[in-house]
Protein chains: 2
Amino acid sequence: MALEIPEVVIDRLPIYVRALTVLERQGRDVVNSQELGGKLGVTPAQIRKDLSYFGRFGKQGRGYNVKRLLEELHQILGITREWSMVLVGVGQLGRAILGYGGFAPQGFRIVGAFDVDSAAVGERVDGLEVKSIDVLPEEMRQLRAQLGIVAVPAASAQQVIDMLVESGVKAILNYAPIAAHVPPDVRIKDIDPVLALQSMTFYIKESGAAP
Amino acid sequence: MALEIPEVVIDRLPIYVRALTVLERQGRDVVNSQELGGKLGVTPAQIRKDLSYFGRFGKQGRGYNVKRLLEELHQILGITREWSMVLVGVGQLGRAILGYGGFAPQGFRIVGAFDVDSAAVGERVDGLEVKSIDVLPEEMRQLRAQLGIVAVPAASAQQVIDMLVESGVKAILNYAPIAAHVPPDVRIKDIDPVLALQSMTFYIKESGAAP
DNA sequence: GCTACATTGTGCATGCGCGCGCAATCACAG
DNA sequence: CTGTGATTGCGCGCGCATGCACAATGTAGC
Ligand SMILES: NC(=O)c1ccc[n+]([C@@H]2O[C@H](COP(=O)([O-])OP(=O)(O)OC[C@H]3O[C@@H](n4cnc5c(N)ncnc54)[C@H](O)[C@@H]3O)[C@@H](O)[C@H]2O)c1
Ligand SMILES: NC(=O)c1ccc[n+]([C@@H]2O[C@H](COP(=O)([O-])OP(=O)(O)OC[C@H]3O[C@@H](n4cnc5c(N)ncnc54)[C@H](O)[C@@H]3O)[C@@H](O)[C@H]2O)c1
């Protein structure tokens, strides 16, 4: 199979999905690569090249059928089905994640929440009962979640990630500020706002006006 | 000046900072590129090449002095000083951000919080009084914040970003799921967990066991 | 049905990031 | 002070992502 597809390409596809979803909701039928690129800050050639890895979805002289392209991208990314996720760490961030309404419409369902703190365990948060981290392995045998979200302090993160991997999770969204280690068959993506800020200050550090 | 430094390099420096900070706290004096690379999943050559853009910080036969290298990286990234940030959108996520203890130790201070909802305005959240979005422009004349955090719904995000730019903000951390437009002299980084999830499902979609 | 026009799909060249490999350099032991 | 061992700094080539340019192809108008 065509597994020579660059990872950068895969990372751009969800952005296309996001923009196309907006266009579909606006009732737009077709869109061309130039308009789409303008919205996203991507060159039209880039978009066409990216899509050409997977097939020929456009019509010359018109552009891309919004609905059709959206379906194709869903198929490619594997987001036609529903995905089950478990959350570990029901603290401040964990609660915001549980309450976030942005996952469900995209087919990502949180089916389990775990914490080590006995004060949190047993509590109901957004219709989900928080379970003890100790029962994660056995709970996972029923839940069969393929994705894990890690929102525990840095000190516990690697340990929690190991547990998730052991329980069969194949992809992890990690909010803890560590560089975690996972087996080659497990995907992991980190979200760290501090890293984002620290790389931006490099570019603006000369632009005056300290307080 | 040496402004030919690739952005990917700048994006890696904060990761080095994070790892070195841990080593320093552990009392380590020196570290070599191999050990550092092992921790971070980066090749030793990559690390040495990255650092060589900015100077010669290592000693042959020994490695890098942890404290010294950390200071150099702080200097390079512009994180020796304190940076002031304003937050717009004090909802679920905004409150988690305000309560997050990870910004202050790295020199990032939230000095203002704004919302449009009259129920939130006037409220004190983590020692900060939430102000109306209407007074953002005049408040900014006193606060002089260089960074902005956007945690409002997608529909309001571009408008809020325009206001921040107008008020002199030079870098924006955007949590809203949109591709925002900013002038060339303003940096912006997006944080979107859904995009991260959607790119990971591509790789694990065949690996069995649907619910 | 035919012509004019718009836009895709892609071969190809350019440029850039990555990592190899080695000489230069430093620490340390004897 | 000299030799040994280790690790950096960096020149260089390779590979890959990016974007140009054009032929292929479909649309719409007449
Ligand atoms: N709050 C934010 O906005 C924010 C933003 C980015 C990253 N983060 C990161 O997310 C993580 C959580 O942040 P937070 O603000 O929610 O902290 P928090 O202290 O409020 O929550 C952490 C939760 O994890 C639980 N926990 C600790 N060890 C555990 C273990 N071994 N197993 C299961 N649960 C465990 C704690 O009981 C607590 O409920 C931290 O690593 C933080 O750096 C937070
Ligand atoms: N909650 C999460 O974990 C999470 C994660 C990632 C991204 N996001 C994104 O972050 C944003 C906020 O999410 P949330 O869950 O906190 O939503 P929320 O509805 O709880 O909070 C949004 C807040 O923004 C305020 N607001 C709306 N328009 C405004 C305007 N023009 N000016 C100032 N304030 C305004 C609202 O009054 C509200 O308080 C959304 O774009 C969401 O997609 C949230």
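A, B, ... follow the sequence lines: proteins, then strands. Residue 1 opens every chain.
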Side-chain touch Arg109(B)/Phe103(B), heavy atoms, less than 4.5 angstrom: no

Heavy-atom donor-acceptor pair, Lys205(B) side chain to Phe202(B) backbone, under 3.5 Å: yes

Beyond-backbone contact of Tyr203(B) with Lys170(A), side-chain heavy atoms, under 4.5 angstrom: no

Arg48(A) side chain reached by Tyr64(A) side chain, heavy atoms, under 4.5 Å: yes

Side chain proximity check, Met85(B) to Leu197(A), heavy atoms < 4.5 angstrom: yes

5' priority, DNA chain D, between Ser52(B) and Arg56(A) [closest heavy atom]: Ser52(B)

Atom-pair distance (CD on Gln34(A); P on dT7(C)), nearest Å: 7 Å

Minimum side-chain heavy-atom gap Ile79(B)-Leu73(B) below 4.5 Å: no

Gap between atoms CD and C1', on Glu72(A) and dT8(C) respectively (whole Å): 15 Å

Contact list for DNA chain C against residues 13-22 of chain A - heavy-atom distance below 4.0 Å: none

Nucleic acid contacts - residues 40-51 of chain B versus DNA chain C, non-hydrogen atoms under 4.0 Å: Thr43(B), Ala45(B), Gln46(B), Arg48(B), Lys49(B)

Spacing of Lys59(A) atom NZ relative to dA28(D) atom P, expressed in whole Å: 11 Å

Heavy-atom check, side chain of Gln146(B) versus side chain of Trp83(B), under 4.5 Å: yes

Interatomic distance where CD belongs to Gln60(B) and C1' belongs to dT7(D) [whole Å]: 7 Å

Phe57(B) CZ to dC26(C) P, straight-line distance once rounded to whole Å: 15 Å

Strand contacts (DNA chain C) in residues 61-70 of chain A, 4.0 angstrom heavy-atom criterion: Gly61(A), Arg62(A), Gly63(A), Tyr64(A)

Separation of dT8(D) C1' from Glu35(B) CD (nearest whole Å): 16 Å

Salt-bridge criterion met for Arg28(B) and Glu35(B) (N-O under 4.0 Å): yes

Length of the line joining Asn32(B):CG and dC26(C):P, which is rounded to integer Å: 17 Å

Atom pair distance, as rounded to whole Å: CZ in Phe54(A) and P in dG9(C): 13 Å

Residue pair Asp190(A) / Tyr175(A), side-chain donor-acceptor N/O under 3.5 Å: no

Flag side-chain contact, heavy atom, 4.5 Å: Leu87(B) against Phe114(B): no

Leu173(B) vs Ile191(B) side-chain heavy atoms within contact, under 4.5 Å: yes

